[in-house]
Trainee: 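Have a look at this one.
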There are 2 protein chains.
Amino acid sequence: MDMKFRIPYEWYYEELGRKTDALFHAMRESIVNGTLAQGTRLPSSRRLAELYGVSRGSVNAAYDMLIAEGFARAAGGSGTFVAYSDPLSGMVHGAAVRAPLALSEWGERLVSAKALFRVGEAHPLLQVPGVSEEMCFRLREPDVSLFPVEAWRRTLFAEVRDMMAVFPAITAPVEGYLPLREAIAQDLRRERGMRANAANICITNGSMHAIALLMKLLVNPGRPVVVENPSYAGIRRAIYAEGGSILAAALDHQGIVPEEWRSELLFVTPTRQFPTGAVLSASRRTELLAWASRQGAVIIEDDYDSELQWGGRLVEPLKALDSEERVVYIGTFSKTMFMDLRLGYVVLPEALLEPFRLAKALQEPHPSALVEQRAMAHFIGSGDYARHLRRMKRVIGRRLLVFRDEVERRLSRWFRFVPADAGLHMYAVWRGDAVSYAKLRERCAALGVTWTVGDAYWEGDIPHSTALFGFAQLQEAQIKEGALRIESVCEALQTY
Amino acid sequence: MDMKFRIPYEWYYEELGRKTDALFHAMRESIVNGTLAQGTRLPSSRRLAELYGVSRGSVNAAYDMLIAEGFARAAGGSGTFVAYSDPLSGMVHGAAVRAPLALSEWGERLVSAKALFRVGEAHPLLQVPGVSEEMCFRLREPDVSLFPVEAWRRTLFAEVRDMMAVFPAITAPVEGYLPLREAIAQDLRRERGMRANAANICITNGSMHAIALLMKLLVNPGRPVVVENPSYAGIRRAIYAEGGSILAAALDHQGIVPEEWRSELLFVTPTRQFPTGAVLSASRRTELLAWASRQGAVIIEDDYDSELQWGGRLVEPLKALDSEERVVYIGTFSKTMFMDLRLGYVVLPEALLEPFRLAKALQEPHPSALVEQRAMAHFIGSGDYARHLRRMKRVIGRRLLVFRDEVERRLSRWFRFVPADAGLHMYAVWRGDAVSYAKLRERCAALGVTWTVGDAYWEGDIPHSTALFGFAQLQEAQIKEGALRIESVCEALQTY
């Protein structure tokens, strides 16, 4: 059996950088595509560890994940078995003819933008505690061990009890649970200087939900949308699906460089440019608003990590300066809470309030995830959320200081880092060429050190080799050891 | 103060037919649009009851709903106060200029289809127990007192505990939580004779989520989509938003009448046509599939209430006969559980699997409402769901028998009823003209008897006056008394 046990481990390892995750995903894929059929006995952890040169601990952790996800089951002492039936055994085998179905133009565009899906996005399962001891600087969720699981469970319990006590009066308007919208508005007024009001806030199932609906509402086929370059792949997917074209805007250390773009829509991350981390200067903020006014344009401000500010001063959002009601502000809880809590929100200009509500209602006449929406409102109201943010600030702020220190001492000869006071990663440009960068990555990976490569964030040509170093999930000792190893590889490379 | 207390009560009463609900919505609207400002003291229940000729019980229930929703607060003995701030006090007052923003063509179409939103849809809050004693036959959720609140709470508790125990490994693929998809597949195989498989099933946030994404994937601007006439307004909204045109298909007592439509897409409700309740005959099922094969078309089968079968035989879905993989099957839990549980699903042909997954992932790279998805899987697995369905079948089945009996004895001279074994309502055509129908409704309403008028379900001309009598929320005695009162009005009308 073992000779036939072939899973795409290497591919996932290259992609994910952690052995346990790579094993899990490789087996999962093989199970889902039917290579590993229902009932198949998986190799013993010893055998699989040998086959792929990993530790038995990694294998066992991957098996536990498969079991937790329902793809496998443990049968006492007799081993682990595939518990998922071949997806081809059902409808498909019964089909005499399989007709090709014609997609709409939208559907065709979506499918052809497929390459933009999943690139550069952290997978929530990547962050599995223990097992692998590599120094993984890939972009991730903040250290999950910081999340107050007990307080969140308590909140969910209380919320379920409350909801069921008033059943069936547990509904909320399409724009979301009012107390949550009020809590958000209060926070935006207090912390971000915005004249936000619950009536202008709409809860979404994560920030991509807001982005995708806004692109539908604002982009016509063939029309250009200004997007920072590099940028988050999600916005580009949404623009392509609507048939819009991307007008790639240049960046420097002060963020996006204003121009007299011929466009009616700009997507921007002023608080902390993604992925470079550059903070948009005050004068440029004013320039962007003036541009929007001249062009009659809308600005979408994605403030994806304004809460993750570890030092320095948080700048005012564009929305706080928006006297003409041209700015749409997007925020999210998925980064400060955890990735699988899909709660985002959007602060809308009056003119977009009804269109956005209709766009959301078209798919969800009543809002989904009410348990989570209500629990989040209580989590804020009880102070648990603020406590959690303070703790993150303390711990991750310290990690950032450690990482910046290491970077300055050890890596600044080889990488040009963008200064950072916030967020979960630092962005850096490799001072060498693409060939030396590939060598660097290969040798570092061999020493157990990986990070996220920035290529997927670029539109068009990739002008230089870039790196995103996530530091928020690592212990200080790991950060130091990781930087040390990268330095050693850089020095060795230079001597060649 | 009282003289100034003007709320759109009459409008909502005409729309909703229940005093408490009308009061709630009228006050809610006045609060949200700022007519009743934050801090305003609401009239005493005695005073408001006098003002609008309702009972104090109705007023108190409406106040309780406002408080539960966060629009008002009770301040001990000193009264009830508005607890929602004027939405215009925030961003809008600060705006020097308010710019008109240009919507996309999609956005413009959506906004101009606005009239199709909210018509003919039951509002979950309509079903508030007690208070009003009218005989309200409007289309509603099934009697909420039948829902096993305690079992659902237990399931949610257990699920929260389990999820937090494996935190952060609580994720699910974009197509939804696998055990839920497997439970659905098993049920579809066993109960509906479908070769369904978890791999072809995608969980959605309610069935409209599935419908809206499918319309995006399949409809090009200007292309015709075949839709039964009358039909659910939701499908028409989605088609209009995509710029498609509606090819209204005729119905008779056997459901949709097949024709050689020049179209590549058909939306149909074969199990029980909405709203008429006609069951599509077996020969027509075959004809529809043959048509789809000749035209290279896709059929979307919305099986919105297949679980709500109280007698007779449940017919096979189109999807069970779909040898060419041309049928998309949509199901939902929102009708059998409760309206605010937004869980639907779609069984997809192979060719649509990836496009649908991408369309969903564009908005939700990770699925939302994981608590509810996981709880639903356990609710099915524990047998609680089947127990609930059996109880509904017993109780509501009996109510249907009572209603059919009353209808035959008392109302068949005035209404032509479509026979029904299932669902939550019976559909009827008024044998008189529009003028006599208006009189009937007015007089019945004066006697506390209301129902849903079918006008909103028609595309184009409305050929006759129609009624949807929801019986699932009423006690048998209420059903009898209601039918008696309608009969008395009909008889009185005829003697004029």
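Reminder, nothing fancy here: chain letters follow the sequence lines and each chain counts from 1. Treat the numbers as computed from the prediction; the structure is a model and nothing was measured.
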Trainee: Sort A/Arg223 into side chain, backbone, both or neither according to what part of it lies under 4.5 angstrom from a heavy atom of chain B.
Mentor: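 For A/Arg223, there is no contact with chain B at all, as no heavy atom is under 4.5 Å.
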Trainee: Going by the angle between their ring planes, with limits at 30° and 60°, are B/Phe157 and A/Phe157 parallel, tilted or perpendicular?
Mentor: perpendicular
Trainee: Measure A/Leu178 against the heavy atoms of chain B and call it side chain, backbone, both or neither at under 4.5 Å.
Mentor: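 When you check distances to chain B, only side chain atoms of A/Leu178 fall under 4.5 Å.
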Trainee: At a heavy-atom distance under 4.5 Å, which candidate from B/Val219, B/Leu265, B/Leu156, B/Leu218 has the highest pair count against chain A?
Mentor: B/Leu218
Trainee: By a 4.5 Å heavy-atom criterion (distance strictly below it), what part of A/Val111 contacts chain B: side chain, backbone, both, or neither?
Mentor: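 Contact with chain B is through both the backbone and side chain of A/Val111.
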Trainee: For residues A/Arg342 and B/Pro365, report the shortest heavy-atom separation together with the two atoms involved.
Mentor: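 So the two residues come closest at NH2-CD, 4.1 Å.
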Trainee: For residues 351-363 of chain B, which side-chain N or O atoms pair as donor and acceptor with protein atoms under 3.5 Å away, sequence neighbours left out?
Mentor:
from	atom 1	to	atom 2	distance (Å)
B/Glu354	OE2	A/Lys114	NZ	2.9
B/Arg357	NH1	B/Glu175	OE2	3.2
B/Lys360	NZ	B/Val174	O	2.8

Trainee: To the nearest 0.5 Å, what is the distance between CE on A/Met65 and OG1 on B/Thr171?
Mentor: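 Those atoms lie 10.0 Å apart.
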Trainee: To the closest 0.5 Å, what do you measure between CD (A/Gln373) and OG (B/Ser368)?
Mentor: 9.5 Å
Trainee: So what's closer than 4.5 Å to chain A heavy atoms on B/Ala238: side chain, backbone, both or neither?
Mentor: both
Trainee: Give me the atom names and distance for the closest heavy-atom approach of A/Ala102 to B/Glu264.
Mentor: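 Of all heavy-atom pairs spanning A/Ala102 and B/Glu264, the closest is CB-OE1, 4.5 Å.
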Trainee: Flag the pair A/His366 / B/Met339 as yes when at least one side-chain heavy-atom distance between them is below 4.5 Å, and no otherwise.
Mentor: yes
Trainee: Please flag which part of A/Ile211 lies under 4.5 Å from any non-hydrogen atom of chain B: side chain, backbone, both or neither.
Mentor: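 Contact with chain B involves no heavy atom of A/Ile211 at all.
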Trainee: Can you say whether A/Arg181 sits under 4.5 Å from chain B via the side chain, the backbone, both, or neither, judging by heavy atoms?
Mentor: side chain
Trainee: Decide whether B/Ser104 and A/Asn220 meet the rule of one side-chain donor and one side-chain acceptor closer than 3.5 Å.
Mentor: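 Not at all, the side chains of B/Ser104 and A/Asn220 share no donor-acceptor pair under 3.5 Å.
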Trainee: For the candidates B/Thr204, B/Asn205, B/Leu213, B/Val166, which exhibits the highest count of non-hydrogen atom pairs separated by less than 4.5 Å from chain A?
Mentor: B/Asn205
Trainee: Do B/Phe338 and A/Ile170 pass the side chain to side chain contact (heavy atoms under 4.5 Å, CB included) test, and can you show the C-alpha distance, the side-chain angles, and the key distance before you say yes or no?
Mentor: CA-CA 10 Å; B/Phe338 52 94; A/Ile170 55 173; 3.5 Å; yes
Trainee: Kindly compute the distance separating CH2 (B/Trp152) from CE (A/Met163), expressed to the nearest 0.5 Å.
Mentor: 9.5 Å
Trainee: Assess whether side chain to side chain contact (heavy atoms under 4.5 Å, CB included) is satisfied between A/Leu110 and B/Leu217, documenting all intermediate values.
Mentor: CA-CA 9 Å; A/Leu110 182 76; B/Leu217 284 171; 4.1 Å; yes
Trainee: Counting distance only, does the side-chain N/O of B/Glu372 pair as donor-acceptor with the main-chain N or O of A/Val371 below 3.5 Å?
Mentor: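 Checked: pair present.
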Trainee: Specify the closest pair of heavy atoms between A/Pro168 and B/Asp340, including all atoms of both residues, with the distance to one decimal.
Mentor: O-OD2, 4.3 Å
Trainee: Need one label for B/Tyr177: side chain, backbone, both or neither, based on atoms under 4.5 Å from any heavy atom in chain A.
Mentor: neither
